[in-house]
Amino acid sequence: MPGKYTVTYFPVRGRCEALRMLLADQGQEWTEDVMTREIWQKGDIKKSCVFGQLPRFQDGDFMLYQSNAILRHLARNHGLYGQDAREAALLDMVNDGVEDLRVKYYRLIYQNYEDGKAAYVEALPGELRPFENLLAQNNGGKAFIVGKQISFVDYNLLDVLHVHLVLAPDCLASLPFLAGYVQRLNARPLLKAFLESDAHKKRPINGNGKQ
Ligand SMILES: N[C@@H](CCC(=O)N[C@@H](CS)C(=O)NCC(=O)O)C(=O)O
């Protein structure tokens with residue numbers, strides 16, 4: 001049984017919105033422990049974090065760092081890690097692909113937004129194409145990214161698609177399976193309620209105001 005969940009993070013969507021979507025869609029409650037820049041800059045909490053960074057996640061007295069490890073822990077707690085070892089391996093593969101894209105996105109947002117945005121947006125459909133192909137191969141593109149049930153990777157991929165749809169609203173124009181996937185997942189009742197909540201809508205996407 002999972003203990004009480006607490007998410008410690010800066011007041012942004014960033015690397016936590018995927019796990020928040022997972023929790024909301026799975027009907028879980030959690031506490032937000034919001035880290036201000038002022039407190040973080042004092043340095044004591046940073047020193048206490050395993051890798052000197054947030055998010056930190058608490059499941060009762062169990063403490064975890066690294067956003068993808070947190071997603072996987074929640075996947076194991078809530079049956080979101082595929083139906084067998086092969087599905088789990090495929091989920092790991094796709095999640096690594098999501099992480100690669102997320103890292104490119106953060107590099108753009110935090111290091112090269114003004115100069116790099118146009119080229120990034122132009123290349124984006126090509127970056128998203130592998131996910132379109134994976135969807136097309138699974139149940140005619142009408143299911144989840146892997147297998148017949150939702151997984152932690154669906155929440156992570158959905159978050160990365162959400163932030164890219166803000167950056168480049170037409171980025172799915174040539175990717176119909178991904179466009180349908182976003183609509184389908186967004187319409188899941190508990191997820192829809194979360195996406196329409198102030199907690200989600202008012203939370204900045206990134207920490208520097210760029211999006
Ligand atoms: N690989 C880590 C990256 C964590 C990370 O980059 N955290 C940033 C915020 S998103 C942070 O703590 N920045 C403050 C600092 O490094 O002092 C994860 O996925 O959790």
Side-chain angles (χ1 to χ4, degrees), residues 2-26 28 30-78 80-81 88-89 91-113 116-117 120 127-128 131 145 151-167 194 199-211:
K4 191 170 157 34
Y5 293 142
T6 301
V7 175
T8 303
Y9 196 48
F10 305 106
V12 295
R13 296 188 197 173
R15 284 187 165 276
C16 279
E17 215 60 9
L19 69 92
R20 291 179 179 119
M21 289 198 290
L22 181 158
L23 290 171
D25 194 48
Q26 296 298 315
Q28 299 299 305
W30 71 97
T31 301
E32 290 284 351
D33 174 21
V34 181
M35 180 64 58
T36 63
R37 288 280 160 196
E38 295 68 42
I39 293 178
W40 184 252
Q41 274 160 7
K42 289 184 183 157
D44 298 345
I45 295 176
K46 184 174 173 72
K47 271 187 219 142
S48 76
C49 297
V50 172
F51 295 102
Q53 291 191 310
L54 297 176
R56 176 174 73 201
F57 189 80
Q58 282 164 266
D59 177 353
D61 59 5
F62 181 59
M63 189 100 84
L64 203 53
Y65 297 87
Q66 291 289 355
S67 56
N68 287 294
I70 297 164
L71 279 172
R72 288 186 167 93
H73 175 66
L74 290 173
R76 292 184 196 98
N77 274 0
H78 298 287
L80 304 168
Y81 217 136
L91 286 168
D92 283 340
M93 176 188 81
V94 183
N95 201 62
D96 280 4
V98 174
E99 174 64 16
D100 287 350
L101 181 55
R102 187 181 287 283
V103 167
K104 287 179 194 167
Y105 171 78
Y106 287 144
R107 212 171 283 144
L108 172 77
I109 293 289
Y110 288 103
Q111 296 172 14
N112 195 26
Y113 188 82
K117 183 175 171 182
Y120 186 98
E127 295 284 344
L128 296 172
F131 301 105
I145 195 66
S151 72
F152 73 103
V153 183
D154 290 296
Y155 300 107
N156 204 16
L157 176 56
L158 182 64
D159 177 59
V160 134
L161 293 171
H162 282 164
V163 300
H164 280 95
L165 282 164
V166 172
L167 178 80
F194 174 75
H200 171 76
K201 284 197 300 191
K202 293 193 173 160
R203 197 179 275 134
I205 297 179
N206 298 305
N208 63 354
K210 296 178 184 167
Q211 60 181 37

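First listed ligand is number 1; within each ligand, the first listed atom is number 1.
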Below 3.5 angstrom, do we get any N/O pair linking [X] and ligand 1?
X: Leu54; value: yes
X: Tyr9; value: no
X: Arg37; value: no
X: Ser67; value: yes

Between [Y] and [X], is there a side-chain heavy-atom distance shorter than 4.5 Å?
X: Arg72; Y: Arg76; result: yes
X: Tyr65; Y: Gln53; result: no
X: Lys117; Y: Leu167; result: yes

Numbered in order shown, the ligand 1 atoms found under 4.0 Å of a heavy atom of Lys46 are 15 (C), 16 (O), 17 (O)
Ligand 1 to Pro55, heavy atom cutoff 4.0 Å, flagged ligand atoms 20 (O)
Aromatic ring proximity His162/Tyr155, centre distance under 6.0 Å = no
Closest heavy-atom pair, Arg13 versus Arg20, reported as atoms and distance to 0.1 Å, is O-NH1, 3.6 Å
Between Val12 and Ile205, the two heavy atoms sitting closest are CB-O, 4.0 Å
Specify the protein heavy atom at minimum distance from [atom]: its residue, its atom name, and the distance to 0.1 Å.
atom: atom 5 (C) of ligand 1; value: Gln53 OE1, 3.4 Å
atom: atom 14 (C) of ligand 1; value: Trp40 NE1, 3.5 Å
atom: atom 2 (C) of ligand 1; value: Gln66 OE1, 3.0 Å

Asn77 and Tyr5: side chain donor to acceptor below 3.5 Å = yes
At under 4.0 Å between heavy atoms, what of Phe10 touches ligand 1? The answer is side chain
